[in-house]
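To keep things clear, I will list the structure first and then write my remarks on it.
Every value quoted in this text rests on a predicted model; they were computed, and no experiment measured them.
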Amino acid sequence: MDIRKITSSELPLLTQLFDYNDSAEMIEQNKRDKKSGTIDIFVMFDNDCPIGELHAAYESDDERAVKGKRAYLFAFRIHEDYQGRGYGKQLLQGVIDTLAEQGYTEFTVGVEDDNDRAKHIYDSFGFTELIARKYEEYQGDGYEYGLYLRRSL
């Protein structure tokens, strides 16, 4: 398995991992965010087939966050054919390691209350400090979740 940041021209690959209400809008938004440097999108590949994704955002509305030290991890997905085999943990660890090499020492993840699988994975990675409750809308769907923080030792 290979994990790497994808380029803007590779954004259509993400439609293989999630059923977007508006794929064209998702691609354009991510192109803008990537160009501005506010996000990176990491994808895990099995040969040339995308099997997982994890986005990292570098800007925050949290006054306590130090720019260049805290990354917000979101849109963590593993293709259903590859779930339950440890690939999610491998992807999460790979992204955290990559960002830690760049100087990031704090990471947050958002997890919906009913997503027990994700909560278990995040807890095992040290995401145990609930720092906020959030609500967001994306392409007409609403998401309420807890934002958990992990600090590096």
Gln16 vs His79, side-chain contact (heavy atoms from CB on, under 4.5 Å): CA-CA, chis, key distance, verdict: CA-CA 8 Å; Gln16 296 177 39; His79 189 281; 5.6 Å; no
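Side-chain atoms of Val95 and Leu73, non-hydrogen and from C-beta on, do get closer than 4.5 Å to each other. No side-chain heavy atom of Thr128 sits less than 4.5 Å from a side-chain heavy atom of Leu149. Side-chain contact between Asp114 and Tyr145 is absent, with no heavy-atom pair separated by less than 4.5 Å. Side-chain atoms of Ile41 and Ile39, non-hydrogen and from C-beta on, do get closer than 4.5 Å to each other. Side-chain contact check for Arg150 versus Glu106: every heavy-atom pair is 4.5 Å or farther apart. Contact check for Leu14 versus Met26: side-chain heavy atoms found under the 4.5 Å cut-off. At a threshold of 4.5 Å between non-hydrogen side-chain atoms, the residues Pro12 and Ile27 count as touching. Asp97 has its side chain within reach of Gln93: a pair of non-hydrogen atoms, C-beta onward, lies under 4.5 Å apart.
Here CZ of Arg117 is found 10.0 Å from CD1 of Ile78. Values are rounded to the nearest 0.5 Å. Taken to the nearest 0.5 Å, the CG atom of Leu99 stands 11.0 Å off from the OG1 atom of Thr105. The CZ atom of Arg151 lies 11.0 Å from the OG1 atom of Thr108; values are rounded to the nearest 0.5 Å. For the atom pair CZ of Phe76 and CG of Leu91, the computed distance is 5.0 Å after rounding to the nearest 0.5 Å. Distance OG/Ser9 to NZ/Lys31: 8.0 Å, rounded to 0.5 Å. The distance from atom OG of Ser8 to atom CD of Glu28, rounded to the nearest 0.5 Å, is 9.0 Å.
Aromatic ring pairs are classed by plane angle as parallel below 30°, tilted from 30° to 60° and perpendicular above 60°; the pair Phe107 and Tyr104 is tilted.
With sequence neighbours excluded, the residues forming a side chain to side chain contact (heavy atoms under 4.5 Å, CB included) with Glu10 are Arg4, Ile6, Thr7, Leu13, listed by chain and number.
Hydrophobic clustering (side-chain heavy atoms under 4.5 Å, transitive across Ile, Leu, Val, Met, Phe, Trp, Tyr) keeps Ile121 apart from Tyr72. The hydrophobic clustering, which links ILVMFWY residues whose side-chain heavy atoms are closer than 4.5 Å, places Leu130 and Phe125 together. Follow the hydrophobic side-chain contacts under 4.5 Å out from Ile131 and you never reach Val111; the two are in separate clusters. Cluster membership for Leu17 and Met44, using ILVMFWY side-chain heavy atoms within less than 4.5 angstrom, is not shared. In the hydrophobic clustering of ILVMFWY residues, with side-chain heavy atoms under 4.5 Å counting as a link, Phe42 and Phe74 come out apart.
Checked against a 6.0 Å centroid threshold, the rings of Phe127 and Tyr122 count as neighbours.
More than 12 heavy atoms of other shown residues, nucleotides or ligands fall within 6.0 angstrom of atom CZ in Arg133.
With Tyr58 as the fixed residue, the side-chain contact (heavy atoms from CB on, under 4.5 Å) test singles out one of Asp40, Thr38, Asp33: Asp40.
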Under 3.5 Å, sequence neighbours excluded: what are the donor-acceptor pairs made by side chains of residues 45-53?
unit_1 : atom_1 : unit_2 : atom_2 : d
Asp46  : OD2    : Tyr82  : OH     : 3.1
Glu53  : OE1    : His55  : NE2    : 2.5
Glu53  : OE1    : Arg77  : NH1    : 3.4
Glu53  : OE2    : Arg77  : NH1    : 3.3

